[in-house]
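Have a look at the structure below before the remarks.
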Amino acid sequence: MLRARGLTVPGACAGVDLDLEPGRIIGLGGLQGQGQRAVLRALFGLVRHTGRVEVDGRPARLASPREAIRRRVAYVPEDRKVEGLHVAQTVRANLSLTNLGVVTPGRRSAPSTAAPRPGSSPTSSNACGSR
């Protein structure tokens with residue numbers, strides 16, 4: 001469960017209380033520009049915020065996407081072509097972006113779109129880092 005109390009994003013929203021249950025996909029409604037996007041971006045660590053956030057009953061800072069992902073929080077942006085995809089890369093590369101440490105230990109850049117190395121098969125590798 002993710003719980004937010006008094007979540008505030010300066011200039012966007014103030015005092016938001018939210019309870020999100022595991023396995024649920026949520027969307028926030030309202031008129032455009034009323035802070036829904038800011039709340040979701042804050043919970044994913046994309047914007048600075050104040051307030052109390054708990055994940056599974058424990059305080060969670062969620063100050064970065066890396067921390068949010070570690071806590072199993074995901075974000076699907078409103079404009080996926082602009083915020084959610086690296087359109088110059090392959091589907092495989094896009095799927096592996098959040099798991100680069102698992103997929104390519106020691107590397108910090110996006111995977112190459114170059115041809116696979118001799119003896120390797122692009123379909124046999126674990127591009128998503130799942131176990």
Side-chain angles (χ1 to χ4, degrees):
M1 152 121 29
L2 184 144
R3 172 173 283 155
R5 293 292 179 261
L7 186 73
T8 298
V9 177
C13 60
V16 175
D17 292 341
L18 226 325
D19 291 328
L20 309 175
E21 302 203 15
R24 304 273 182 189
I25 297 173
I26 64 124
L28 297 179
L31 296 174
Q32 187 173 6
Q34 299 301 306
Q36 307 91 313
R37 184 171 181 262
V39 167
L40 297 175
R41 288 173 55 84
L43 291 173
F44 193 61
L46 290 169
V47 296
R48 289 182 178 233
H49 60 278
T50 59
R52 191 176 70 235
V53 178
E54 296 176 1
V55 177
D56 295 329
R58 296 177 148 175
R61 192 160 170 247
L62 303 184
S64 71
R66 181 177 305 229
E67 178 62 24
I69 291 167
R70 192 174 309 137
R71 300 283 191 145
R72 299 183 54 153
V73 175
Y75 171 66
V76 178
E78 178 181 10
D79 189 341
R80 286 168 292 288
K81 284 187 179 179
V82 172
E83 293 183 272
L85 295 173
H86 190 297
V87 294
Q89 292 289 338
T90 64
V91 170
R92 179 180 182 181
N94 274 277
L95 288 173
S96 66
L97 285 174
T98 60
N99 292 309
L100 286 177
V102 173
V103 178
T104 55
R107 286 187 53 188
R108 293 227 174 238
S109 60
S112 168
T113 58
R117 284 181 237 134
S120 69
S121 166
T123 57
S124 65
S125 66
N126 189 348
C128 294
S130 59
R131 294 180 174 107

Task: Test item: Ser64 side-chain N/O and Gly45 main-chain N/O as donor-acceptor pair under 3.5 Å - done: no
Task: Hydrophobic cluster identity match, Leu18 and Val53, side-chain contacts under 4.5 Å - done: yes
Task: Shortest non-hydrogen contact from Leu43 toward Ala4 - done: CD2-CB, 4.3 Å
TODO: State plainly whether the residues Asp19 and Arg5 are in salt-bridge range, i.e. N to O under 4.0 Å.
DONE: yes
- [ ] Measure the spacing between CG of Leu2 and CZ of Arg71 and express it to the nearest 0.5 Å.
- [x] 10.0 Å
Task: Single-linkage hydrophobic cluster, 4.5 Å side-chain cutoff, Leu28 and Leu62 together - done: yes
- [ ] Measure across Gly6 and Asp17 and return the closest heavy-atom pair with its distance rounded to 0.1 Å.
- [x] N-OD1, 2.8 Å
Task: Donor-acceptor under 3.5 Å (Gln36 side chain, Gly30 main chain) - done: yes
- [ ] Quick one: closest heavy-atom pair of Glu67 and Arg70, and the distance?
- [x] OE1-NH1, 2.7 Å
Task: Shortest non-hydrogen contact from Thr8 toward Gly15 - done: OG1-N, 3.1 Å
TODO: Flag yes if Val73 and Ile69 sit in one hydrophobic cluster, no otherwise; membership is Ile, Leu, Val, Met, Phe, Trp, Tyr, and two members link when side-chain heavy atoms are under 4.5 Å apart.
DONE: yes
TODO: State, yes or no, whether a side-chain contact exists between Pro65 and Leu46 at a heavy-atom distance under 4.5 Å.
DONE: yes
Open item on the list: Which heavy atom of Tyr75 sits nearest to which heavy atom of Leu40, and what is that distance?
Closed with: CE1-CB, 3.9 Å
Task: Common cluster, Leu20/Val39, ILVMFWY with side-chain heavy-atom separation under 4.5 Å - done: yes
Task: Least distance between heavy atoms, Ala42 atom then His49 atom - done: O-CE1, 3.2 Å
